[in-house]
Amino acid sequence: MKKILIANRGEIALRVMRSARKMGIKTVAVYSDADRQSPHVRFADEAVHLGPSPSSESYLVMKKILKAAKDTGADGIHPGYGFLSENAAFAEMVEKASITFIGPRPHAIRVMGSKLAAKEAVKKYDIPMVPGIDQAITDVALAKKIAKEIGFPVLIKASAGGGGKGMRVVENLKELPSQMERAISEAESAFGDGSVFIEKYVTSPRHIEIQVLADTYGNVVHLFERECSVQRRHQKVVEEAPSVVLTPKIRKAMGEAAVKVAKACDYVGAGTVEFLLDEKKNFYFLEMNTRLQVEHPVTELITGVDLVEQQIKVARGEKLSFSQKDLEITGHALELRVYAEDPLNNFLPSVGTLETYIRPEGEGIRLDDGYEEGMEIPIYYDPMIAKLVTYGATREEALQLMRQAIADYKIEGLSTTLPFGKFVCDHDAFISGKFDTHFVKNYYSAEAIKKERKAALEVAAQVGLKLFLERGKKLKVAEAVESEWSSRK
Ligand code: MV4
């Protein structure tokens, strides 16, 4: 592989290019109107304009991406995450054009894209799954019978679903018909596929995922877990590795289960197997994500493995150069996703320009971003500005580095979720590790930040007053105010 086209934008496009460059591979960026001035365009060896800003007219148009690859002579395409990364038809088109898709085969993408097909595929492998059915269900009478057998609460899920869409918790028999109807119509309109199934609802789970890596020779390893329980409406906010709750024994069992899931779909490349962990530390397979994930850096930091480099090596037909016994966890990593959203106003998207943009830096700090001072955050795409990642010998160290990095990260011109990140890092439940997927819902309110801000302002006012009383005469306040006033006129 001599030249890779990165079919993505922003931080992940830059992230992929960095590894390609390290390996001596040329890079091709693609961009929309809104991204003309983006760092990922300047960083690449070549860049191809795709079209108007909306992703439906640029980053999602398979033919345009393929044409850009052919025109530039790229022999590999890395899809990043989002956009076309889990589109089996795209992977197929790339393959047909004799270009290497840096990701799994279309078959694996297709199987894991359907939760029911995924359950079917892993059935033979003895992988723990939540009690439930593995068939699409439309008949209410049958659904009632199954729900009674499973026991309430149950969860209705869309087979094609993702991000919690088409998911309904049902507390009792009476609610079942209406909730089922809603789940089906939601799945129908969101995915064009109304297939739903029923599972026992795990009420307070942790979301733990295992990173896997597979080559084309049937070698599969896992790179341990990422804890992703701190989410807000199915949007991850803070991720970490390792998880504070896994014992070596559970970690090994989950890792082995994840490897089996990868084998069940003949997986190739980097993938992620998602599990729920209940209060008794039973784990259950949920689904597999057939792409490089946003939160992959925490795994890179604790294992020392460059996941993008491995993706490329495996894609060009190399054998994995290490085995499971070569892998171990060293230290602890935390990732905070920084979004252009206002945590004081219901996380509404915050449009604007990065008037000030000063990055935190130092040992143990990694910032994966795709913007620079003076740039606007386009409204057309995901509003993530950056991933702030810290690494320390212990969780406490990584956490302290995160608090410091948040304080050093100066963004003006729009609201960001940095204050929310500070809230999480200062919260007892997060510090002690006693949290689940309901952390944000259970503990967060805008008032929590406002209260703290008010307390800080009061301290500042008191310090100011003290200084004034001590040195007030020397400060010549009247003159200072006057000159400031006149200079502004
Ligand atoms: C569940 C569950 C509880 N019980 N399945 C959410 C999205 C999709 N990936 C699966 N999800 C869940 N499946 C059973 N049987 C709870 C969730 C869930 C969740 C999972 C992971 C992270 C955050 C979550 C937030 C709400 C619900």
Side-chain angles (χ1 to χ4, degrees), residues 81-82 86 111-119 122 127-137 143 146-147 149-171 176 179-180 183 186-187 190-191 193 195-210 225-241 243 245-246 254 257-258 261 271-291 293-295 298 335 337 347 424 429-430 435-444:
Y81 54 70
E86 291 176 283
V111 169
M112 292 302 161
S114 153
K115 296 203 177 95
L116 285 171
K119 277 180 191 261
V122 306
I127 289 153
M129 288 198 267
V130 187
I133 46 156
D134 51 10
Q135 299 283 314
I137 185 166
I146 290 161
E149 280 168 22
I150 298 172
F152 288 96
V154 296
L155 188 62
I156 305 177
K157 284 185 180 178
S159 178
K165 262 196 205 119
M167 242 174 56
R168 295 268 156 190
V169 180
V170 184
E171 299 287 349
L176 192 93
Q179 292 291 56
M180 199 164 138
E186 211 171 295
F191 315 111
D193 173 2
S195 311
V196 300
F197 59 99
I198 300 180
E199 278 181 356
K200 174 83 187 165
Y201 180 55
V202 183
T203 48
S204 298
R206 296 176 79 115
H207 173 135
I208 293 181
E209 56 188 32
I210 305 284
E225 77 279 8
R226 292 185 288 261
E227 160 76 65
C228 306
S229 296
V230 181
Q231 310 208 351
R232 194 191 150 267
R233 301 194 179 170
H234 303 289
Q235 167 118 276
K236 291 169 188 162
V237 188
V238 176
E239 301 102 340
E240 64 179 310
S243 164
V245 288
L246 290 199
M254 288 180 84
V261 171
T272 298
V273 184
E274 285 187 11
F275 294 94
L276 288 180
L277 187 78
D278 71 14
E279 283 133 311
K280 293 177 188 149
K281 299 196 187 178
N282 299 305
F283 64 87
Y284 309 98
F285 167 61
L286 265 189
E287 56 195 83
M288 180 170 192
N289 300 319
T290 57
R291 60 168 189 276
Q293 303 235 142
V294 175
E295 60 273 24
V298 294
E335 174 178 283
R337 298 192 191 185
F347 293 85
V424 175
F430 187 72
F435 56 89
D436 57 39
T437 51
H438 303 300
F439 176 89
V440 178
K441 195 178 66 196
N442 284 349
Y443 301 120
Y444 182 71

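Order of listing sets the numbers, starting from 1, for every ligand and every atom in it. Only heavy atoms go into these numbers, but all of them, side chains included; no hydrogens, no water, no symmetry mates. In this chain, residues are counted from 1 in sequence order.
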(request) Report yes or no: does Ser159 contribute a side-chain atom to a donor-acceptor pair with the main-chain N or O of Ser114 at less than 3.5 Å? (result)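 Checking the backbone N and O of Ser114 against the side chain of Ser159, no donor-acceptor pair under 3.5 Å is found.
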
(message) Out of Glu199, His207, Gln231, His234, who is nearest to atom 27 (C) of ligand 1 when you count heavy atoms only?
(response)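 Nearest heavy atom to atom 27 (C) of ligand 1 lies in His234.
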
(message) Please confirm whether His438 approaches ligand 1 to less than 4.0 Å, judged on its heavy atoms.
(response)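 It does not; every heavy atom stays at 4.0 Å or beyond.
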
(message) Between ligand 1 and Lys200, is the shortest N or O to N or O distance under 3.5 Å?
(response)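 By distance alone, the answer is yes.
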
(request) Give a yes or no answer on whether the side chain of Thr437 reaches the backbone of Ser229 with a donor-acceptor pair at less than 3.5 Å. (result)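 Checking the backbone N and O of Ser229 against the side chain of Thr437, no donor-acceptor pair under 3.5 Å is found.
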
(message) Ignoring hydrogens and geometry beyond distance, is a side-chain donor-acceptor pair present between Tyr81 and Asn289 at under 3.5 Å?
(response)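 Result is no, nothing qualifies.
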
(message) Are more than 12 heavy atoms, taken from residues, nucleotides or ligands other than Lys165, located less than 6.0 Å from that residue's NZ atom?
(response)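 Open: at most 12 neighbouring heavy atoms sit under 6.0 Å from NZ of Lys165.
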
(request) Output yes when a side-chain donor or acceptor of Glu86 lies under 3.5 Å from a complementary backbone atom of Thr290, and no otherwise. (result)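 A pair under 3.5 Å: yes.
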
(message) One residue to check: Leu286. Relative to ligand 1, which of side chain, backbone, both or neither has a non-hydrogen atom less than 4.0 Å away?
(response)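 For Leu286, the contact with ligand 1 is made by the side chain alone.
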
(message) Salt bridge check, Glu225 against Arg206: does any charged N sit closer than 4.0 Å to a carboxylate O?
(response)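 No, no charged N to carboxylate O under 4.0 Å.
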
(message) Among all protein heavy atoms in this structure, tell me which lies nearest to atom 20 (C) of ligand 1, with the distance rounded to 0.1 Å.
(response)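 For atom 20 (C) of ligand 1, the nearest protein heavy atom is Leu276 CD2, 3.9 Å.
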
(request) Provide the closest heavy-atom pair for Ser243 versus Glu227 in the form atom of the first, atom of the second, distance. (result)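 That would be OG-OE1, 3.1 Å.
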
(message) If you measure every N or O of Lys157 against every N or O of ligand 1, does any of those distances drop under 3.5 Å?
(response)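 Yes, there is a polar N/O contact under 3.5 Å.
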
(message) So for Lys236, does at least one of its heavy atoms come nearer than 4.0 angstrom to any atom of ligand 1?
(response)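 Contact absent.
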
(request) Looking only at protein heavy atoms, identify the closest one to atom 11 (N) of ligand 1 and say how far it is in Å. (result)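 For atom 11 (N) of ligand 1, the nearest protein heavy atom comes out as Met167 SD, 3.6 Å.
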
(message) Is there a polar contact, in the sense of an N or O pair closer than 3.5 Å, between Tyr201 and ligand 1?
(response)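 N/O-N/O distance under 3.5 Å: no.
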
(message) Once you restrict to heavy atoms under 4.0 Å, what part of Val202 touches ligand 1? Side chain, backbone, both or neither.
(response)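 Val202 to ligand 1: contacts from backbone and side chain alike.
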
(request) Identify, by atom number and element, the atoms of ligand 1 in contact range of Glu274, meaning under 4.0 Å from any of its heavy atoms. (result)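 Answer, ordered by atom number: 9 (N).
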
(request) Starting from atom 9 (N) of ligand 1, locate the nearest protein heavy atom and write down its residue, its atom name and how far away it is, to 0.1 Å. (result)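 Residue, atom and distance for the closest contact: Glu287 OE1, 3.1 Å.
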
(message) Any carboxylate oxygen within less than 4.0 angstrom of a Lys/Arg side-chain nitrogen, looking at Lys236 and Glu209?
(response)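 Yes, this pair counts.
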
